[in-house]
Q: 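Can you read through this structure? Questions will come right after.
Remember, it's a predicted structure, so these values are computed and weren't measured experimentally. Quick note on labels: first sequence line is chain A, next is B, and so on, each numbered from 1. Heavy-atom basis, side chains included; hydrogens, waters and symmetry copies ignored.
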2 protein chains.
Amino acid sequence: MNARQKTERTRLSAEDWELGALELIAESGVNALAVEALARRLGVTKGSFYWHFRNREALLLAALERWEQHDEADVLAQIEPIDDPRERLREIFHRVAREVPSHRIYAALLKALDHPVVLPLMTRVSQRRIQFLTEAYLQASMPPEEAAHRARLAYAAFVGFLQLNLALGMPRLSHEEFDAYVEHVAETLIPH
Amino acid sequence: MNARQKTERTRLSAEDWELGALELIAESGVNALAVEALARRLGVTKGSFYWHFRNREALLLAALERWEQHDEADVLAQIEPIDDPRERLREIFHRVAREVPSHRIYAALLKALDHPVVLPLMTRVSQRRIQFLTEAYLQASMPPEEAAHRARLAYAAFVGFLQLNLALGMPRLSHEEFDAYVEHVAETLIPH
DNA sequence: GTTCCACCATACGCATGAGTATGTAAGCCC
DNA sequence: GGGCTTACATACTCATGCGTATGGTGGAAC
């Protein structure tokens, strides 16, 4: 009946808790990840949780590592096969714009950078992504120094875009305006 | 003796509390703004606070409105007198880069956009700033639609820059590299 | 020099959320 | 079909942080 209350009345595994945690984080941020609240969502009580995990932080760590290895790694993997670097960059921009919901977790983590578990993870992820962008610009025959700068700029624009778009409902653009905006970003940040 | 414990043993005003609140927010974020913690910083107890303010939210609101009217308004006011729009844009980018600490509060508020008091304020501020940028691009004889897009892009880059630079210690650039980066941003985002 | 009140201290109540202690029911296992 | 393990419930303790109730004090006013 209700898909969220009792999706299978089987018993839970640690993975179920991790996936539930990621859902919660995506919806309401890292702070909203509370043990009892998540237990209610999963249709059980705290007693279950403390069997699977040592404490709240252990769950957070496990959930974020799962996210880093699965979701996060996928993004780059799907774009990597594109040969032409300019085309690859265009694809990145368009994906970022189109698949905004899938970046919900990343946006939530951006707001929790002061958390000791989140910070090292985000440092890794961000460095990796900037590195990826830098190489794309290099392959588009941009001088090394300029490529590094442009990658930083593009990534900063991505991060800011997420903030303004998800948290703030900022732009409030129509479909056409939005496409035009993304096109403008590509025109501005991708060398000709 | 200790400038933080007893800066003047006079009694406090609502303004003192608001300024203290802004300091705390800049240092540790909106969540760190706790009544008793702030009272300790000011060398008094809660009893004082609840004489000046109805509750915690009232303080937050007052502090943020003070910030919006003073600090925030100053930024635009100082740049507005510059005649040449291209020069004005360059000055904006350089100020943002140089005066990073003064944007600490803005960065902290970005991480608290889910808070009902913060959201409307940040919506106002962001819209105002994007508007300001848009007009600068228009005066630099950029077509209206393109100007709006470029303003959004520049502002997103600013927001992302703050996140990556303050929270994450991201770039970790030397002085020279940093200047070169800012120069690259100006070259890329300001029309010739 | 007493009065008054703005400002503050002290001591509560109360809700929330983490973590613990302990009991219990439903499989396998042979 | 007793026994062990896995998974969960129940019922607490404890810390934190907001808000309240009430009493105290120093300095301006007269």
Q: Round to the nearest Å and state the distance from A/F49 atom CZ to D/dA9 atom C1'.
A: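 Nearest whole value for this atom pair: 16 Å.
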Q: Below 3.5 Å is the cut-off: list the nitrogen or oxygen pairs between protein and nucleotides 16-18 of chain D, distance only.
A:
from: D/dC18; atom 1: OP2; to: B/V35; atom 2: N; distance (Å): 3.3
from: D/dC18; atom 1: N4; to: B/K46; atom 2: NZ; distance (Å): 3.4

Q: The criterion is side-chain contact (heavy atoms from CB on, under 4.5 Å); which residues satisfy it with A/A14, sequence neighbours excluded?
A: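 A/A14: side-chain contact (heavy atoms from CB on, under 4.5 Å) contacts with A/E18, A/H52, A/F53.
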Q: Within this structure, what is the CG-to-P distance between A/L38 and D/dC8, rounded to whole angstrom?
A: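 It is 12 Å, rounded to the nearest whole Å.
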Q: Donor-acceptor pair, distance only, cut-off 3.5 Å: does the side chain of A/D74 make one with the backbone of A/D71?
A: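 No: the side chain of A/D74 does not pair with the backbone of A/D71.
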Q: With under 30° as parallel and over 60° as perpendicular, where do the rings of B/H184 and A/H149 fit, or are they tilted in between?
A: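 Aromatic pair B/H184/A/H149 classed tilted.
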Q: Using the side-chain contact (heavy atoms from CB on, under 4.5 Å) criterion, which residues pair with A/N31? Sequence neighbours excluded.
A: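 If we apply the side-chain contact (heavy atoms from CB on, under 4.5 Å) test to A/N31, skipping adjacent residues, the hits are B/N31.
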Q: Return whichever of B/T45 or A/G47 has its heavy-atom-nearest nucleotide of DNA chain C closer to the 5' end.
A: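 Checking each residue's closest nucleotide, the 5'-ward one belongs to B/T45.
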Q: Extract from the structure each pairing of a protein N or O with an N or O of nucleotides 5-7 of chain D at less than 3.5 Å, listing the distance.
A:
from: D/dT6; atom 1: O2; to: A/R11; atom 2: NH2; distance (Å): 3.1
from: D/dA7; atom 1: O4'; to: A/R11; atom 2: NH2; distance (Å): 3.1

Q: Could you go through the salt bridge (Lys or Arg N to Asp or Glu O under 4.0 Å) check for A/R152 and B/E177 one step at a time?
A: CA-CA 12 Å; A/R152 268 188 244 286; B/E177 285 175 320; 5.9 Å; no
Q: Give me each pair satisfying ring-ring contact (aromatic ring centres under 6.0 Å, His included) with a member in residues 70-110 of chain B, each pair once, sequence neighbours excluded.
A: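 Every pair satisfying ring-ring contact (aromatic ring centres under 6.0 Å, His included) with a residue in residues 70-110 of chain B: B/H103-B/F158, B/Y106-B/F158.
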Q: Restricting to side-chain contact (heavy atoms from CB on, under 4.5 Å), what partner residues turn up for B/A37, sequence neighbours left out?
A: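 Result, side-chain contact (heavy atoms from CB on, under 4.5 Å) vs B/A37: B/A34, B/R40.
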Q: Take atom CD of A/E65 as the centre, draw a 6.0 Å sphere, and report whether it contains more than 12 heavy atoms from other residues, nucleotides or ligands.
A: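 Enclosed: over 12 neighbouring heavy atoms sit under 6.0 Å from CD of A/E65.
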